[in-house]
Structure formats: C-alpha cells, structure tokens
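What you see below is based on every heavy atom in this structure, not just the backbone, and it leaves out hydrogens, waters and symmetry mates. To find a chain, count down the sequence lines: A is the first, B the second, and so on, and within it residues start at 1.
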Protein chains: 2
Amino acid sequence: MKKPTLEDVAQAAGVSRATVSRVINTPDTVTPELRVRVEQAIAQLGYQPNLVARSLASRRTNILGLIIPCVAQSLFTDPYYPGLIQSIAQASNANGQTLSLFLFHTREEEEQVYRRAIGSGLVDGLIVTAEEIDNPYFLEIVEREIPFVYIGRPHTHIEHINYVNVDNVGGAYIATDHLINLGYRRIAMIAALMNTTTGLDRYQGYCDALADHAVALEKDLVAVGDFSRESGYQAMLQLLPAEPDAVFVANDSMATGALQAIREAKLTVPGDIALVSFDDLPPAANANPPLTTVRQPVHRLGTIAVETLIDVLANGLEPARHTILPTELVIRASCGAGSRVP
Amino acid sequence: MKKPTLEDVAQAAGVSRATVSRVINTPDTVTPELRVRVEQAIAQLGYQPNLVARSLASRRTNILGLIIPCVAQSLFTDPYYPGLIQSIAQASNANGQTLSLFLFHTREEEEQVYRRAIGSGLVDGLIVTAEEIDNPYFLEIVEREIPFVYIGRPHTHIEHINYVNVDNVGGAYIATDHLINLGYRRIAMIAALMNTTTGLDRYQGYCDALADHAVALEKDLVAVGDFSRESGYQAMLQLLPAEPDAVFVANDSMATGALQAIREAKLTVPGDIALVSFDDLPPAANANPPLTTVRQPVHRLGTIAVETLIDVLANGLEPARHTILPTELVIRASCGAGSRVP
DNA sequence: TAGTTTGCTGAGAGCGCTCTCAGCACCGGT
DNA sequence: ACCGGTGCTGAGAGCGCTCTCAGCAAACTA
C-alpha cells in the first residue's frame, strides 16, 4: 500500500489540495466544517506530510546541522561534547527542527562533509564548534552568508559572527583567585592548546588573577597540554620539579591525569598540592579527591546556540548575536578549602 | 545572486537538463566532448545539486536516522554512546550518507521525534539503539517495514529484525571464568537492568560460567544496578556484608562506583576484593587500580550497523541480517592476575 | 439597491531534480 | 541499398508539496 499524499486526502474529503494544506499549516483559515472533514480524512488514511516535498516547495528544510571536527578524538574521551550534542538535540526538538550531525576525522572526510552541509540546500542553518579559525570551509560559510552560530569565541578579525561562549577568562580568574585567597603562592597552571581561543582565554584569566594580586608569573610553573588526560599527566610530570603548592588545570580531563602523576610521586591532594580545574563534567565529581572546578553551563550553551540560530533564521543575519555565559566555581576537596587556614 | 540550478548549467553548456544530470550521476554515458563542456559550466557557475529536489525526484534522501532514547541520561555519563555515535557518523560519511540524530528524553519528545523519523520520508533507514522492546513506535517501525537495524539483541518474539550486537553472554562468561581460574570462589555480580537484553545476557554469562565450574550461585552475591556509577556504588554497598572475594560488574561505570564503595570500606582491590567489569571504555584504564574488563568493539558495532543498513536499503529486508561481535578480556590490575597464586 | 469589502476555496504554477521514452544518427550485416 | 541494432540526447512528465491569485458568495457601507 502506497503512502497517501495530499491529493489522496483532498479526494477523500472532497476538497482541493490547497485546503488540505491549509488545514495542516494554518487551520484557523479554514471553515470549521471543512476542517473537520479534512481532519477525519487525514486520520482515516493515516496521512503524514512528506517532509522532503514540503522542503522543496517551501525552501525550508527545518534541518539544523551540527558540525564537529573530531580533532584528536576528544569527542570520545571528553564528556563535553556528549553533553553539548544532547542539549542541542533537545533544543532542536523543542523548536521542531531535525538535527543532522556532521562529524569528520580526516581531511578528505572534512571536504566531503562540508560539501554536503554547505550549499546543498539540506540544512537551513549550521552550528559549528571548535573549528580552526582559518579553516577554508569555515570562511566559506561566513562568505556565503549561511546562517550559522559558532560555539566558542571566534577570532576577532572576522566581523559579524554569531557566537555563544562561556566566560573562560572570568572562570579561570575566579579559579586562580580562589587559590590565591587560600594562601597558595606557587600556583602553577596546566594550560591547553594555545591555538584555541578556549586555551588562550583560560590562560589569560590565570595571568590576570596573578597580576591583580601581584603574584609573579613564573615560566616554569606553566605547562601546556591538549585537553586530554594523558597530556595532563605529562604536564604535571613536567611541573613537579618546580614544586608548586597549587595547580590550576585548564580542564577536568587533564586534571585527572595530573592527579595520577601527583599520586605516583607519592604526594597528596590537597595536602601537598592543591588542584582546581575547569568544566565540572562528571569526572570532576568522581575523582579522588573530588575536584574543585569551574562549572561551565554546557547545557545552556547548546540551548542558546539553537535558539540563536532559530532567531537568525527568522530575522536575518544582522545584527550579530553574541552571548557569553557566566561560569561558577564549584568547591570540592581538591583545593583544600576547609582543611586549610589561610 | 541566486543559486544556479540544473537548468542554468544546461543553458550555459548548451545542452538539456537531462544531459547535465547524466554528467553528474552517470558520467560514462555521456560523450566526452559534451561532458567536458558541462563540467566546465558546472565549475564556472559553482553549481551544486540541490539535495532536497534530488531526494524528492529519486525518492531517496541518503539520510540515515539514528535513534537513541536518552533514558536515565546515560548518554551523558557513559562514554559508550559517544563512541557509537562517532563510529556511525564515520561510517555514514564513508557511504555518502548524512546522519540525522534523534534523541529524546521525555514521552512527548519521543512521540514528536518518532513522527519525524517515521513516515515523513525524511530518512531512508533507521538505526535504533537501546529501545524498550515493547515500545509502540518501535513496533511501528517493524510493522511498516521501514528499513532499520537494531543495535543490541531484540527480544526473540519479533521475527526478521536486523541487528548487530556484541557477544554479551560470551563476554560475561570469560570474565567470570577468569575469576574462577584465579581461584576466587565467592564471586559476586553487580548485574544491570534486567529489563534490557544486555543486562540479561551478561547475567546469563555469569551464571553459565559458575555452573560450568560447579560453583553455586548465591542470591545474596547478586545485586542489580542501572549501568550508572552511582548505582554501582549502591550495589557494592549492598554486596559488602556478604563478603565476596571477587565481583564481576556488568559495566565499567558501575565498576568505578563499586571501586569507591570498596575504598570507603577500607578494603583494597584486588587484595581484598578482585574486580572485573565489562566495556573497556576510557574509565576502565584510568581507574585506580586499572580495571580488568571485557572489551566490546564499539567502533565496529557502529560501522557494521551502518553497513548492514546500507545493505538492507540496497537489497531489501529479506533475509534478516544478524551479526554478533566477539568480545575480548583485557587483563589489568583489578582482577589480581599476576599478584595471585591460584 | 448598487458598490465595495471581506473571507474562503480551488486552480494551477512552480520548487529543482530524476527518469522514461521517443528520436536521431551511425554502425555493421545482408 | 535496406534493416535492425546500438548509443546518445532532449522533451517532458512527474515527485508531493506550497503559495499566489482569481473567483465567488456573504457581509458591509452608502
């Protein structure tokens, strides 16, 4: 049995195609009597509109694309992306949109995936995360004026980009500030990828806090990782000889790595070294000891990204929308607050 | 500037629409001379086919749907799904398909999401994970003969379901068998949700192994969790009074919870209690001590699911395809192998 | 009463593509 | 020279929907 079409419903109800379309899309423009007849026909035939045909005719697919370049497999190891994907999916549902996921790992995949996401008419708009700022495809999105929202902070040299981001500078500041207030002075940092704005901003906040308290920034108290647990472990190994009394780590995953390095060095947290990190994803609360960490509102990040995109779709690209979400320090055991007299 | 269409390319190249279409879809049926002319026109105009129009005409969208019911937020806490999503995305790319993600958390969302995924013509086929077996929408997929692949083992009372699964019974068997061979005798199990086939199968493997070695199955050596870390913690608490010398835990997340409960009881792993779990996701290797665990090939699971679906799409529903992937025991510290003389 | 205005409905023209089918040139076989 | 292939191409009919616009009756204004 073939799927019924608008035409079939129209015939069954003894009206025109246009009227059935109206009953579905703008019910209040149809006489109640006719509407009921059409609704019955729809129910009886089990009619469901064909979204593809609708998209072609209306030039609106109601599909949102989410682009995530899976550099360094971090999608797999860091719970940040699952949370983001989930919230974006949820927000898409709430707005009646379908979500298409564009992940890629290699350059060839990237080319192919972007081709499908851009200019094929498949998606109405795009949410882009963690893309390198000078990526040619990313620039193409901007130039072709495809409605999109960036998650993160784009480089400033491109104007009029819609984005939503968390306050990384501020979060890193309060984390470092917290350590200083607890009386620590040799505060190290395990920073992250300095070619990402996130890595840059968190380092910035650390520097700002030190400066505001007139604590000198020492070169050998800063190590750099790549957000992964393993890199946190290595960075901590590198930091240990400098004998820090506290470490601010740019994310939770690296902090768990650092924790292991400290444990293996027969030192304790926070007794010998205090730790504060960033993200507040599940590993933070589950670590031993539980991590004091800066919570970023991942869920709101996704929700607002979708809402911003919907707004752009409805009201045009101008003016550019920017949202910076506040962060919050979650105090647990690893910073030594409570066990310590400043 | 409007997007160029087939018609525009045809005019620019001085051929018919049909010929341009052929150059794009079946290039070798067109005279080289014409083909070159068309290709130049395409390049010059920057033409890209409109996928929506193509879908409507060809009745093939090349979109695959992935349905994940986010019961109990486990998508967020368990790294299983991120890995699965990633592999499915990658396999979709490799097969020139676009992936649409259908997640939902509430009943209303479920209704809405399923409506969009089924019968709207949006997707060619579906990959369904972890759905309750008596879910009405799931049954609808089966009845309407929508091409789909189930990830997991469906209940046997529905025939002709394509599925791909890991050998949960076998994996649980080798895990338990391993503990028995190491000389443990009071082997407890933290099982998982007995209304899932995964939970059931892993329990089955445990029972089988005990039976084969003539070790009695004791009621108070079995506790049940829901795959979450927290439930593993609770289950371990419940098990502790029965004084097991080893525990087989149905997944890694619960094992990390169990680890914490054991640590808090001032007992050591594997000294006082040995632990073996299931999954081999990142938390397993990163735990303290590292977990001996049964590795399931998550990546292949996703790849094969996609390939099976593509096969169904190309060659029809019959016969039903079943794939069971083998599991493998990864021996680390938590089982006490090496430190123990059986 | 005539002339608007208003409110619904149906006809029909697309949306941009695929795909069948007829048409036409050209081939070799007889 | 005739005929049945063979290989390409173009015309045109959809795919299932939206949306404009004309048409028409009822309601209002003067």
Side-chain angles (χ1 to χ4, degrees), chain A residues 1-39 41-42 45-63 96 98 116 119-124, chain B residues 1-39 41-42 45-63 96 98 115-116 118-124:
Chain A
M1 187 187 87
K2 244 186 102 283
K3 278 210 64 186
T5 69
L6 253 203
E7 186 66 50
D8 300 331
V9 176
Q11 251 168 39
V15 297
S16 73
R17 228 166 46 231
T19 300
V20 181
S21 180
R22 278 187 209 102
V23 169
I24 293 169
N25 298 307
T26 51
D28 31 305
T29 65
V30 178
T31 321
E33 185 207 358
L34 270 191
R35 182 178 6 170
V36 170
R37 229 162 72 205
V38 171
E39 279 165 352
I42 289 177
L45 294 175
Y47 169 74
Q48 253 186 283
N50 180 312
L51 293 186
V52 177
R54 171 181 288 179
S55 297
L56 181 59
S58 67
R59 251 145 298 173
R60 202 60 161 77
T61 62
N62 289 313
I63 299 178
T98 301
R116 217 165 335 127
S120 71
L122 223 203
V123 304
D124 289 338
Chain B
M1 188 187 89
K2 246 187 100 283
K3 280 210 63 187
T5 69
L6 251 203
E7 186 66 51
D8 299 331
V9 176
Q11 250 168 38
V15 298
S16 73
R17 228 166 45 231
T19 300
V20 181
S21 180
R22 277 187 209 102
V23 169
I24 293 169
N25 300 306
T26 51
D28 32 304
T29 64
V30 179
T31 321
E33 185 207 357
L34 270 192
R35 185 180 0 175
V36 170
R37 230 162 70 206
V38 171
E39 279 164 353
I42 289 178
L45 294 176
Y47 170 75
Q48 253 185 283
N50 180 312
L51 294 186
V52 177
R54 171 182 288 179
S55 297
L56 181 60
S58 67
R59 250 145 301 173
R60 202 62 160 75
T61 63
N62 289 312
I63 298 179
T98 300
R115 281 277 70 81
R116 217 162 338 123
I118 307 181
S120 71
L122 224 202
V123 304
D124 290 339

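Distance from the side chain of R17(B) is smallest to dG12(D) among dG12(D), dA11(C), dG16(D). Taking every side-chain heavy atom of R59(B) into account, dC15(D) is the closest of dG12(C), dC15(D), dT9(C). Distances were taken from every side-chain heavy atom of R22(B) (C-beta onward) to each of dC15(D), dT20(C), dT18(C); the shortest belongs to dT20(C). The side chain of S58(B) approaches dT18(C) more closely than any other nucleotide in the set dC19(D), dT9(C), dT18(C). For A18(A), whose side chain is taken as the heavy atoms from C-beta onward, the closest listed nucleotide among dT9(D), dG12(C), dT18(D) is dG12(C). For S16(A), the listed nucleotide lying nearest its side chain is dG10(C); candidates were dA11(D), dG16(D), dG10(C). For L6(B), counting side-chain heavy atoms from C-beta on, the closest listed nucleotide (dT9(D), dT18(C), dC17(D)) is dT18(C). The side chain of L56(A) lies closest to dG16(C), out of dG16(C), dT18(D), dG10(D). Of the candidates dG16(D), dT18(D), dG16(C), dT18(D) carries the atom nearest the R54(A) side chain, counting heavy atoms from C-beta on.
With respect to V9(A), the side-chain contact (heavy atoms from CB on, under 4.5 Å) criterion is satisfied by exactly one of I42(A), V23(A), T19(A): I42(A).
A close approach under 4.0 Å does not occur between any side-chain nitrogen or oxygen of T19(B) and OP1 or OP2 of dT9(D). For the OP1/OP2 pair of dC8(C) and a distance below 4.0 Å, the side-chain nitrogens and oxygens of T31(A) include no atom meeting the criterion. Between S21(A) and dT18(D) there is a side-chain N or O to OP1 or OP2 distance below 4.0 Å. Put simply, N50(B) has no side-chain N or O that comes within less than 4.0 Å of OP1 or OP2 on dC15(C).
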Begin from the C-alpha positions of N62(A) and D124(A) and carry the test side-chain contact (heavy atoms from CB on, under 4.5 Å) through to its verdict.
CA-CA 6 Å; N62(A) 289 313; D124(A) 289 338; 4.2 Å; yes
Derivation and outcome, side-chain contact (heavy atoms from CB on, under 4.5 Å), residues L34(B) and V15(B)
CA-CA 8 Å; L34(B) 270 192; V15(B) 298; 3.6 Å; yes
Run the numbers on L122(B) and I63(B) for side-chain contact (heavy atoms from CB on, under 4.5 Å), then give the verdict.
CA-CA 7 Å; L122(B) 224 202; I63(B) 298 179; 3.9 Å; yes
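A straight line from CD1 of I24(B) to P of dC17(C) spans 7 Å, rounded to a whole angstrom. Regarding Y47(B), its OH atom lies at a distance of 3 Å from the P atom of dC17(C), rounded to whole Å. Between Q48(B) atom CD and dC17(C) atom C1' there is a gap of 15 Å when expressed in whole angstrom units. At whole-Å resolution of the value, CD in E7(A) and C1' in dC17(D) are 11 Å apart. For R35(A) and dG7(C), the CZ to P distance is 16 Å, given to the nearest whole Å.
Residue contacts shown for T29(B) are limited to sugar-phosphate atoms, with no base heavy atom under 4.0 Å away. Nucleic acid contact class of V15(A) (heavy atoms, under 4.0 Å, all strands): sugar-phosphate only. Within 4.0 Å of L51(A), counting heavy atoms only, lies no atom of the nucleic acid at all. Residue V52(A) is classed as having no contact, given no heavy-atom separation below 4.0 Å to the nucleic acid.
At least one side-chain heavy atom of V52(B) sits under 4.5 Å from a side-chain heavy atom of V52(A).
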